[in-house]
Visitor: 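I'd like to ask you about the structure that follows.
Naming convention: chains lettered A, B, ... in sequence-line order (proteins, then strands); numbering from 1 in each chain. Model, not experiment: these values are computed from the prediction.
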There are 2 protein chains.
Amino acid sequence: MTGQQRTRVDTVFDAIFQLILSGEIPLGGVVNEAALADRFGVSRGPVREAVKALQGRGLVTKEPYFKARVVDLSVHDMIEIFQLRESVEGMSVKLATLAMSDEAMQRLLDDFEQAGGNGRVLDLHVRIAEESGNSRIQSLLCDELYYLLRLYRARSGSTPGRHDNASAEHWQILRAMKARDAELAESLMRAHIARATEALQRLLDTESAQPPPEAAKGRRRKETEA
Amino acid sequence: MTGQQRTRVDTVFDAIFQLILSGEIPLGGVVNEAALADRFGVSRGPVREAVKALQGRGLVTKEPYFKARVVDLSVHDMIEIFQLRESVEGMSVKLATLAMSDEAMQRLLDDFEQAGGNGRVLDLHVRIAEESGNSRIQSLLCDELYYLLRLYRARSGSTPGRHDNASAEHWQILRAMKARDAELAESLMRAHIARATEALQRLLDTESAQPPPEAAKGRRRKETEA
DNA sequence: GCGGGCAATACTGTTGACACTTTTTGGTCC
DNA sequence: GGACCAAAAAGTGTCAACAGTATTGCCCGC
């Protein structure tokens with residue numbers, strides 16, 4: 001029985017992540033080891049390791065003897081993440097365009113046509129990362145950055161007015177991939193993400209012009225403006 | 001006393017990393033919690049968390065109930081890392097070129113001129129990442145990828161015949177940065193790393209043509225060729 | 001002699017208790 | 001009334017012991 005053995009650390013990890021996504025533990029909120037251990041019916045050990053893993057993925061910040069806190073994702077953080085995504089996803093689509101077999105390419109197009117672009121926005125990006133053939137890029141995008149994106153979107157919703165454009169841009173990228181034009185696909189992907197970054201930049205400008213009207217309930221924001 | 005409090009986990013983390021770098025724990029070798037705990041005079045708890053942190057940084061692989069092993073960095077892994085570096089460091093130098101103050105730029109040039117390009121090769125890359133102003137890119141490069149690079153180089157030495165070219169390429173990049181030509185700096189950096197990637201690719205080709213002469217002592221390579 | 005099954009071993013996963021640090025609370029002095 | 005100090009409370013860091021799983025070595029049947 002050497003199959004997919006799930007230890008309690010993994011279970012607790014997912015459980016805490018769900019708690020964060022659902023907002024039960026708000027962004028910037030404290031993560032109490034003992035309370036969580038009691039809630040999940042395990043000892044503090046697994047909870048400790050799960051929190052450590054969350055810290056390793058950048059979802060939780062913590063220093064010795066201080067309370068662990070869920071990361072407080074500001075718009076500025078998102079801009080940093082999008083700058084990173086722009087470069088990495090450009091490489092991702094470039095590699096995928098060069099590496100995919102004709103069959104895999106056709107499958108990707110079919111899947112996306114079937115979904116009609118109505119699938120979840122990240123699906124295409126995930127699929128491309130998986131097809132890049134570079135496991136490290138795939139891990140960075142799918143296991144680290146997209147977690148943070150989901151977290152941010154769960155809080156603030158997607159940037160409005162972007163969704164319709166995004167679908168058209170996705171089709172452009174797919175066409176370039178099918179034509180095996182790796183350079184074009186990279187440029188289109190980078191422009192696609194850069195455009196989203198600019199939207200965030202505008203949001204940051206308006207936000208700093210007029211202070212946020214109301215902090216979400218349960219938030220602690222004191223050190224954000226420092 | 002709210003200073004830089006170092007917990008035992010941090011100490012053990014560094015100690016194990018040094019053990020790996022020095023080769024005392026060979027690449028692919030097992031990491032025994034109890035033995036390390038006994039050696040460092042601590043309990044298994046801190047060792048466990050340190051190993052978990054090393055796992056989070058990709059230096060150790062592990063699955064439940066199996067022994068933890070130091071990652072076995074193949075040339076193929078290095079190629080993946082260099083592809084990732086090519087995209088991220090391109091963005092890094094682009095952002096740094098746009099963000100650095102004139103003073104910081106001059107300081108960077110002075111430091112590098114003083115070192116005469118004889119400094120450790122990674123220093124320039126580290127400095128650029130620090131000046132990019134993007135903390136996530138800095139963390140990815142300095143806290144994750146460069147660890148793996150040091151590990152790989154400690155085992156196999158730098159790719160021969162590259163060192164002299166690299167210095168000239170570094171100066172080209174610095175000139176582009178000083179001229180505030182962000183696009184050129186990005187292109188040069190990407191070409192710089194792509195060239196190193198090609199050297200690795202050639203190494204991979206010759207290595208697969210003639211099987212490696214001798215596995216390093218203490219290595220376990222059984223599952224690598226699968 | 002050799003392969004399959006079974007007991008002994010070694011190691012990892014988990015737990016509850018104890019030690020140390022931070023935070024809060026209450027009281028005192030100015 | 002407010003600032004400062006001390007003690008209690010809360011929470012994290014560490015430990016040693018126990019439980020569960022993979023590995024190793026051995027014996028038996030062929």
Visitor: Does a side-chain N-to-carboxylate-O contact under 4.0 Å join A/R57 and A/E144?
Guide: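 No.
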Visitor: Can you measure A/D10 atom CG to C/dG13 atom C1' for me and round it to whole angstrom units?
Guide: 12 Å
Visitor: Calculate the interatomic distance between A/F66 atom CZ and D/dA10 atom C1'; express it in whole Å.
Guide: 14 Å
Visitor: Does the structure place the NZ or CZ of A/R150 under 6.0 Å from the centre of the six-membered ring of A/Y147, at an angle of no more than 45° from the ring's axis?
Guide: no
Visitor: State which residue, out of A/Q138, A/M189, A/M100, fulfils the side-chain contact (heavy atoms from CB on, under 4.5 Å) condition with A/I128.
Guide: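 With A/I128 as partner, A/Q138, A/M189, A/M100 yield a single side-chain contact (heavy atoms from CB on, under 4.5 Å), made by A/M189.
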Visitor: In whole angstroms, how far is the P atom of D/dG13 from the OH atom of A/Y65?
Guide: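 Atom OH in A/Y65 sits about 7 Å away from atom P in D/dG13.
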Visitor: Want to settle it: does A/K67 or B/K62 sit nearer the 5' end of DNA chain C, counting the closest nucleotide to each?
Guide: B/K62
Visitor: Below 30° counts as parallel, above 60° as perpendicular, anything between as tilted: where do the rings of A/H170 and A/H192 land?
Guide: perpendicular
Visitor: Tell me the interatomic distance from B/R8, atom CZ, to D/dT14, atom P, rounded to whole angstroms.
Guide: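 Result: 6 Å.
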Visitor: Counting only non-hydrogen atoms, which of residues 33-49 of chain A are less than 4.0 Å from DNA chain C?
Guide: A/V42, A/S43, A/G45, A/P46
Visitor: Can you tell me which residue pairs pass the salt bridge (charged side-chain N to carboxylate O under 4.0 Å, His left out) test with a partner in residues 18-29 of chain A, sequence neighbours excluded?
Guide: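 For residues 18-29 of chain A: A/E24-A/R39.
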Visitor: Can you tell if the side chain of A/Q18 reaches within under 4.5 Å of the side chain of A/F13, non-hydrogen atoms only?
Guide: no
Visitor: CD of A/Q55 versus C1' of D/dT12: gap in Å, rounded?
Guide: 13 Å
Visitor: Classify B/V31 by what it touches in the nucleic acid, base, sugar-phosphate, or nothing, heavy-atom distance under 4.0 Å.
Guide: sugar-phosphate
Visitor: Check the distance between D/dT23's C1' and B/N32's CG and give it to me in whole angstrom.
Guide: 13 Å
Visitor: Ignoring backbone atoms, test whether B/T7 places a side-chain nitrogen or oxygen under 4.0 Å from the OP1 or OP2 oxygen of D/dT14.
Guide: yes
Visitor: B/E63 has an atom CD; how far is it from atom P of D/dT21, in whole Å?
Guide: 16 Å
